[in-house]
2 protein chains.
Amino acid sequence: MVMKQRELKPETLAKAASMLKAIAHPVRISIIRFLEHGKKKTVTEIHTNLGIEQAMASHHLVILKDRGVLASKREGKNTWYFLKHESLSYLLKCISDCCEEE
Amino acid sequence: MVMKQRELKPETLAKAASMLKAIAHPVRISIIRFLEHGKKKTVTEIHTNLGIEQAMASHHLVILKDRGVLASKREGKNTWYFLKHESLSYLLKCISDCCEEE
DNA sequence: GTCAAATATAATAAAATCTGTATATAACGT
DNA sequence: ACGTTATATACAGATTTTATTATATTTGAC
């Protein structure tokens, strides 16, 4: 018995594309890697560590949050950002493996 | 002993981003899913099955091939396209899981 | 060579993204 | 209220994507 692949609904497809598009940027990949393994970081920690402007960091973080990649929690003056799905680590590993093998 | 995360070289980062960007499109995700499990399909099969114009299909296929997602092989009048890395199936599964759980 | 089928390319305009700079808002301590 | 720190937003020009349509190329059959 052959299993027919389950079709993705157009909305799921669009959501997946939009999420992938959010991830598909060098700086944002770096941000995600910086947050792997459940780490929570502030905007300042992120922009300092990755060597990008504060406004840039904030901007990219908003994109990642809007598309459902990150979540955040405000605490006083700080906003802590973290991965919403730890499985994204796996996704990045998969892509970098694909890249390296050529 | 804590393992420090290996940094990605800027070029690898750029390559990964560009590959992800290629994947991050509803039609192109559909194409990749259509080619999962080692299937090889012609442009006609792809554009017919997915219900898109021939030129569109060809266009998207070129993008996916240029960025290293697909490979192709010409045989007579037909060009057969197929996944270059079967592990991309896993990547798509990961993303759609992330999408559905909200 | 001519025709038809299969695929690829070109040209265009509209839409979305990116980067950098400037500015605004929020929260805290005094 | 004022100053400072942390974060978020707005704006604008440059670049990149996207969808559409039309056209070109390649290959095989005759």
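Keep in mind that what you see is a predicted model, and the values were worked out from it rather than measured. We name chains A, B, ... by the order of the sequence lines, and we start the count at 1 in each one.
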Run the side-chain contact (heavy atoms from CB on, under 4.5 Å) test on B/Trp80 and B/Lys39 for me, step by step, so that the C-alpha distance in whole Å, both residues' side-chain angles and the decisive distance to 0.1 Å come before the verdict.
CA-CA 9 Å; B/Trp80 299 88; B/Lys39 289 204 282 285; over 6 Å; no

If the sugar-phosphate is the primed atoms plus P, OP1 and OP2 and the base is the rest, what is the B/S/- string for nucleotides 5-18 of chain D, using protein heavy atoms under 4.0 Å?
BSBBB-------SS

Going from NE2 on A/His60 to CG on A/Leu50, what distance comes out if it is rounded to the nearest 0.5 angstrom?
10.0 Å

Under the 6.0 Å and 45° cation-pi test, does A/Lys40 pair with A/Phe82?
yes

Besides A/Tyr90, the hydrophobic cluster formed by Ile, Leu, Val, Met, Phe, Trp and Tyr side chains linked at under 4.5 Å, directly or via other members, contains B/Tyr90

Positional range of nucleotides in DNA chain C within the contact set of chain A, heavy-atom, under 4.0 Å:
C/dT17 to C/dC28

Could I get the full list of side chain to side chain contact (heavy atoms under 4.5 Å, CB included) partners for B/Ser18, not counting sequence neighbours?
B/Arg67

For A/Thr48, give me all partners under side chain to side chain contact (heavy atoms under 4.5 Å, CB included), at least two apart in sequence or on another chain.
A/Thr44

For A/His59, all residues meeting side-chain hydrogen bond (donor to acceptor under 3.5 Å, both in side chains), sequence neighbours excluded:
none

